[in-house]
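Below is one structure, written out as C-alpha cells; the observations come after it.
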Amino acid sequence: MAKRLTREEVAHVALLARLEVTDDELDMFTGQLADILEHANDVEALDVSGVEAMAHPMQLRNVFRTDVIVPALDRDEVLSQAPSAEDRRFRVPRILGEAP
Amino acid sequence: MTLPDGWVMVIGLEVHCELKTATKLFCGCPNMFGDEPNTNICPTCLGLPGSLPVLNENAVELAMRIGAALNCDILASTFHRKNYFYPDMPKDYQVSQYDEPINLNGRLDLPDGFRVGVTRAHIEEDTGKSTHVGGDGRIHGATHSLVDYNRSGVPLVEIVSEPDMRTADQARAYVTELRAILVATGASDGRMEEGSMRVDANISVRRSETDEFGTRCEIKNVNSIRSLGRAIEYEAARQVGLIEAGDRVIQQTRHWNEQQGRTITGRVKEDADDYRYFLEPDLVPLDPSPEWIASVRSELAVLPATRREAVAAATGADASATAVATVVDLELDQLVLGAVAAGADGRIALARASNEVAADAEGGRGLDVAAFTAVIAMESASEITATQAKTVLGELLADGGGDPEAIAAKHGFEAMDGSVLDSVVDKVIAANPNEWQRYKDGDAKVTGFFVGQVMKATGGKADGKAVTAALVARTKA
Amino acid sequence: MSESPTTAIDIAAAVRDGRVTAAEVVETHLAAIDAREAELHACNAVLADEARAAAGRGDAARAAGATLGPLAGVPVALKDNMCTRGIPTTCSSKILEGWRPPYDATVVTKLQEAGAIVIAKTNLDEFAMGSSTENSAFGPTKNPHDVTKVPGGSSGGSAVAVAAGFAPISLGSDTGGSIRQPAALCGVVGLKPTYGTVSRYGLIAFASSLDQIGPFGATIADAAATYNVIAGHDPRDSTSYAGAMATIGAAELAGDVSGMRVGIISELVGAEGIADDVKRRFTEAADALSAAGAKVEETSVPACVYGLSAYYLIAPAEASSNLARYDGVRYGLRIEADNITDMYTQTRTAGFGPEVKRRIMLGTYALSAGYYDAYYGKALKVRSLIARDFAAAYEKFDVLLSPTAPTTAFGFGAKTDNPLAMYLSDVCTIPSNLCGDPAISVPFGTGDDGLPVGVQVLAPALGEPALFRAAAALEGSAP
Ligand SMILES: [Mg+2]
Ligand SMILES: [Zn+2]
C-alpha cells in the first residue's frame, strides 16, 4: 500500500498547477486528496500485469482532415475577449524565463 | 579552433523543421510566415474552450517523407500532451509525439561518407511567437510581452540525431545535408533565417573516446550553419576550460550570442520540470497502412547524395566537390546532366553551371538545355574563349533564352587567328619592359597583368589560355 | 387550439401544422421560466430576446413555405458548458465569466438546423465537476420537487429546466453520470449516448475521453427525438464515430421487450450506500420488464467495483491538462500581477472554486513523475478490465440494469465537506463513461420521501436501439 500523501507533495502539485493554497487549504486538500487516493488503493493493489492500458473508449485510428484552408476568426472579435491586448497582439506581463 | 590534446567533443543535434503544408497541423488556418499578427487563428490553434484538433493528412505525408529520406522505420504512432505553462502555448500543453514517434532508427550519411544515426523524427505543433517590449527586445529586462498566435499549431518535425558527431564541421555538414534533403523531398523550405528550420545542439566533452559521456549543454538560438560551427567550438572549449580548471559542467540550456561570439547561460534544468506526458485524448492513433508507407518510399524524390553521385559520374568530378554540391543544391543538376548527355564536355559544363549559372540559379533552372549545351560545345571547341562563353551565358540568362551562336556573332566572338595574337603579345611585351623582366624572373603575379593588357588590346577576344601559352613560349625563346 | 402541446414532439408537430406559432411556444416557456427561475436558479442566462428573434425567423420561414425541421419551434435549454457564438458561456466559473465564444458548438448548430430555439444557458457544477450543482460559482440550483434538496449534477440546471417546464428538452454533458444522476433526482429522462456519437466540438472539456453530450426530456420519445438530431459524425471531432448510427423510431419507442435478455448488475445493486427505497423501486422495475416478456437475470460484472477509483484518477488527470488553458492570457478572468507566473497563479487561484482546484491537483499528482505508473497508468489498465467484463456480460445480455443514483435527492450541504461521499453518488453511472457505452436514466416512481427515483439501463456501444426499447418499456410501466 502506498504511503499517505504528504503536505509537501500537495504543495508541489499546486505549484505545478499554478495554484496558490493557504496553509489552511493545504491541510484541507492534503486530507481530502489522501482520502481519495486511499480509496484508490484497491486499484493500486490490483494485479493488472498483461492488461493493456485503455486510454480511450473508441478504438479509432487514422482520422484526418485534408490540407485545405478554412476561414480564420476575426482578429478584432478575438482580441476583444482578451484581458489585455496591444498592437494587434495579446499582452502579457513580463515573462521570467524562456520556454522549457 | 581545436580542443587541447586528448579532448573529444560529442555533438548531437535536434533540428525542428516546419512542414510545407497549406494549413496548420490540427486546424485549417493558413501555415504562412510573415502575415499580419493574429490573422491566421481559429478556436483550435488559439486553444479556445471547447475546441478540438484534427490531424492534417498532408503533414503526416510530409513527415513520412522525412522518415523515408532518413532511412527510418515508419511506424504506428500516437500523440501525447506535454504539459507546461507558457504564454506562446495557447493550451498550456504542446501536442507532440512521445514514446511512439512516427519515424525511428534512421541515419544520414554526410558527403564524405561519415554516418550519423537519426534516433527519431517525430511530429509536433509549433508555438506562437512573443515580442518582448522594453529592455533591448530580449526577454530579460522587458516590461511586458506581446503574443502573436499565427505560428501556433504550425506542423513541425523534430529530427533528433544520435550523439555521433565529433567536430563542428561534421555538425555543419549534417545540417547542410539535412536541409538539402528536406528541400529535395518538398517537406520543408529549410529557411533558417525565417525560423522554419531551427537547430539545437547538445554538446559535451570527454577526455577520450572510451570515457563516459560528459554532462551536456544544449545550445539554442543558432540562426545559421556558420553560427552553428562557431557556437559548437566555443561551447566545447568552454567546457574543457571548466573541467581543466577543476570546475564541473552544469546541465543547462545556453544561448548563442552572435555579436559576442559566445554562449550565455539560459535556463538551468529545474526539479519543477515535470511535463506530465499523457496520451492526447482528443486525437486517435496514427497508423499508416503499409501501402501508404510504400508509396511514400517509392515516390520519394531522388535525394541529394544520389544526385551528387550522378553529377560526379557525368562530369568526372569528385562527388564531394563543392561544385557538385552547388549544382545539386541549386537544382542545376538536370541542366548539367542534360548537357553532358547531349555531348557537352562535363568538366566545362560543371564549371559554368556551378559559377555563372549558379549566380542566377532561378534563371538557370529555366535555361534551355540545348542552348546551354551549345555554349559549352563552342567553348570546348575553342570557337569562343571562356570569357566569351561567360558573356554568352550571361545574356542567355538575362534574356531568359536565345540563340548562343547569334549572341556570339553579335559580339563578334570568333576564334582569334594565332598570328594576330602573336603580334599583339609582342607589342604588349615591348611596351612593358619592366614587367616583362619580372615575368621572366619568375614572378607569376605578373601573368594576370599581361593577360589583361592583351585582352584590352583585343577587345576581350583573346583566349586567356592562349595568351599564357604565348608568354611561356617567349620566355623560352 | 384545444390545449397547448407540452412535449417536444407535440410542439414540433403543432408548429409544423400551424396549430401554434413558435412565438407562442417561446412565450409560454418564458412565462414558465419567469414563474420559477428566481426560486430554482436553473439558468445562468435566459435568452429571451434571442429566443423571440429565433421564433420570429422560424415563423417567417414557415410562412414563406419552408420545410420545418423535426424540432421546429421547440425551446431547448443548454448546459452552460456548450459554446454559443456571442452569448456568454461560463461553465459556471468565475474564470470564464463574461466570455463570449466566437463560435457555436456542433450540437448547437444541429439543434438550430432542426428548428429548435435556444432559450437558456443552464447552471452546472463548475466545469461539470460535481454531483449536486452546488459547485457553481453563481450559486446552487434547487430541485423543483423540493427546493431544500439538490437537483443532482453536474447538469443540474438542464435537468431542472425540463422538470420545471422551462423547456421540453435540454442538453447536458455526462462525464461520470452528470446527465443520468440529475435526471434521476429530478424525475426526468436523461441519456448518455455512446461515446463518439455526439460531437464534442464546442463542449468545454472536463475529461475528454469520458465527456459526452446527451439530452434530457420529460419523455423517452423526446429524449430520442433530440438524440436523433444531435447524433452524427462530425469531422471537427477526431473522436467522432464515423460509422452508421441508429435513428430511434417508433419500433424502439413501442417498448416491446419480449425475449430481450436483461441483466441486473449485482455489484451495483449491492453497492455501498444504495438506499432501501431505491432498491425497492429498482426491483419493481426489473419485475416490470420481466412481466413485459424480458428474460431478467442477475449477473456479475466484477471489475465494476473498481470503476469509482479508476474514474477519480483518469478524469482529474485529463482535467488537470484541459483546464491549464485558463491562464488569463487570451480570454476570461485575469488578475494583474508583476510577472506572468504570478499572473497565472493569482488568476487561477481566484478564478477556480475548491472542487475544481481539488481535481486539478489530484490529476496533476496522478500524472506527475514517479506517480504516473501507480495511479494514472494503473487506472487505464483497470479501465480495460472493466470494459472487458462489460463486454463479457453483453455476450449474454442485450441490456443491463442498475439503479441510477444511490439515493433520492439529498439536502444542500449534506456532502460538500466530504468529497469522497459526493463522489460515491456516481458509483452506478461511472462505468458507462469508462467503457464509452450508452446508458439512460428513466424515472420510476418515488422514494420514501416522495422524491423521484431513476432506473438505469445500460447497453453496449451503439446499442441505443435496445436501450430505448427497454427504457420505453420501463416508462410504460412506471408507477
Ligand atoms: Mg520538441
Ligand atoms: Zn487555427
Side-chain angles (χ1 to χ4, degrees), chain A residues 5-6 8-21 33 37 40 43 51-100, chain B residues 21-23 26-30 36-43 46 54-60 76 83-89 127-128 130-134 139 142-149 220 253 255 266-267 269-270 272-276 278-279 281 283-289:
Chain A
L5 184 74
T6 66
E8 289 65 38
E9 287 170 319
V10 176
H12 176 68
V13 158
L15 179 79
L16 281 178
R18 301 290 183 270
L19 293 170
E20 196 168 73
V21 283
L33 297 186
L37 288 171
V43 158
V51 179
E52 283 272 310
M54 174 177 168
H56 218 272
M58 278 289 219
Q59 302 308 308
L60 299 172
R61 302 178 101 68
N62 295 329
V63 175
F64 301 117
R65 38 172 282 274
T66 49
D67 190 17
V68 174
I69 292 175
V70 170
L73 287 174
D74 177 66
R75 178 169 70 195
D76 294 338
E77 184 178 358
V78 171
L79 287 178
S80 76
Q81 298 294 305
S84 180
E86 180 182 313
D87 190 24
R88 303 157 294 160
R89 296 166 173 90
F90 296 84
R91 182 186 163 130
V92 296
R94 65 195 180 90
I95 302 170
L96 297 179
E98 70 218 52
Chain B
T21 53
T23 65
F26 298 123
C27 64
C29 292
E36 267 282 290
N38 291 309
T39 49
N40 299 332
I41 52 172
C42 75
L46 259 183
V54 185
L55 184 58
N56 182 339
E57 185 166 27
N58 190 31
V60 175
N83 294 284
Y84 62 93
F85 285 90
Y86 209 74
D88 62 17
M89 251 197 352
T127 61
S130 307
T131 308
H132 307 297
V133 183
I139 194 165
T143 55
H144 62 280
S145 299
L146 303 176
V147 194
D148 166 18
Y149 291 106
K220 285 189 183 279
T253 301
H255 287 256
R267 191 172 168 282
K269 293 274 175 197
E270 287 170 37
D273 286 348
D274 180 347
Y275 300 125
R276 287 156 283 136
F278 74 108
L279 210 61
L283 290 169
V284 304
L286 171 57
D287 189 4
S289 67

Closest-packed option against chain B by number of heavy-atom pairs under 4.5 Å, given A/L79, A/D74, A/V63: A/V63
Structural part of B/T131 lying under 4.5 Å from a heavy atom of chain A: side chain
B/D88 side chain vs B/S130 backbone, donor-acceptor pair below 3.5 Å: no
Donor-acceptor contact below 3.5 Å, side chain A/Q59 vs main chain A/H56: yes
Chain A interface, residue from B/R276, B/M89, B/H132 that has the most non-hydrogen pairs under 4.5 Å: B/R276
Spacing of SG belonging to B/C27 relative to CG belonging to B/L46, to within rounding of 0.5 Å: 9.0 Å
A/V68 portion near chain B, given a 4.5 angstrom heavy-atom threshold: backbone
Atom group of B/L279 that falls short of 4.5 Å from chain A, counting heavy atoms: side chain
Interatomic distance, B/L286 atom CG to A/F64 atom CZ [nearest 0.5 angstrom]: 5.0 Å
Heavy-atom donor-acceptor pair, B/N38 side chain to B/V147 backbone, under 3.5 Å: yes
Options B/D148, B/T143, B/T21, B/L55, ranked by heavy-atom pairs under 4.5 Å with chain A, top entry: B/L55
Full working for side-chain contact (heavy atoms from CB on, under 4.5 Å) between B/F26 and B/L283: CA-CA 10 Å; B/F26 298 123; B/L283 290 169; 3.6 Å; yes
Among the listed options A/D87, A/V92, A/L96, A/T66, the residue most often paired with chain B at heavy-atom distances under 4.5 Å: A/V92
Full working for side-chain contact (heavy atoms from CB on, under 4.5 Å) between B/Y86 and B/T127: CA-CA 10 Å; B/Y86 209 74; B/T127 61; over 6 Å; no
Chain A contacts, top residue of B/P37, B/P285, B/P30, B/G134 (heavy-atom pairs, under 4.5 Å): B/P37
Toward chain A, the part of B/A142 with a non-hydrogen atom under 4.5 Å: backbone
Backbone of B/N56 reached by a side-chain donor or acceptor of A/D67 within 3.5 Å: no
SB check B/K220 A/E98 (cutoff 4.0 Å): no
Selection from A/R89, A/R18, A/E86 maximising heavy-atom pairs under 4.5 Å formed with chain B: A/R89
Choice from A/Q81, A/R94, A/R65, A/R91 maximising heavy atom contacts with chain B below 4.5 Å: A/R65
Region of B/P281 that comes under 4.5 Å of a non-hydrogen atom in chain A: both
Residue part contacting chain A, namely of B/N40, when any heavy atom lies under 4.5 Å: backbone
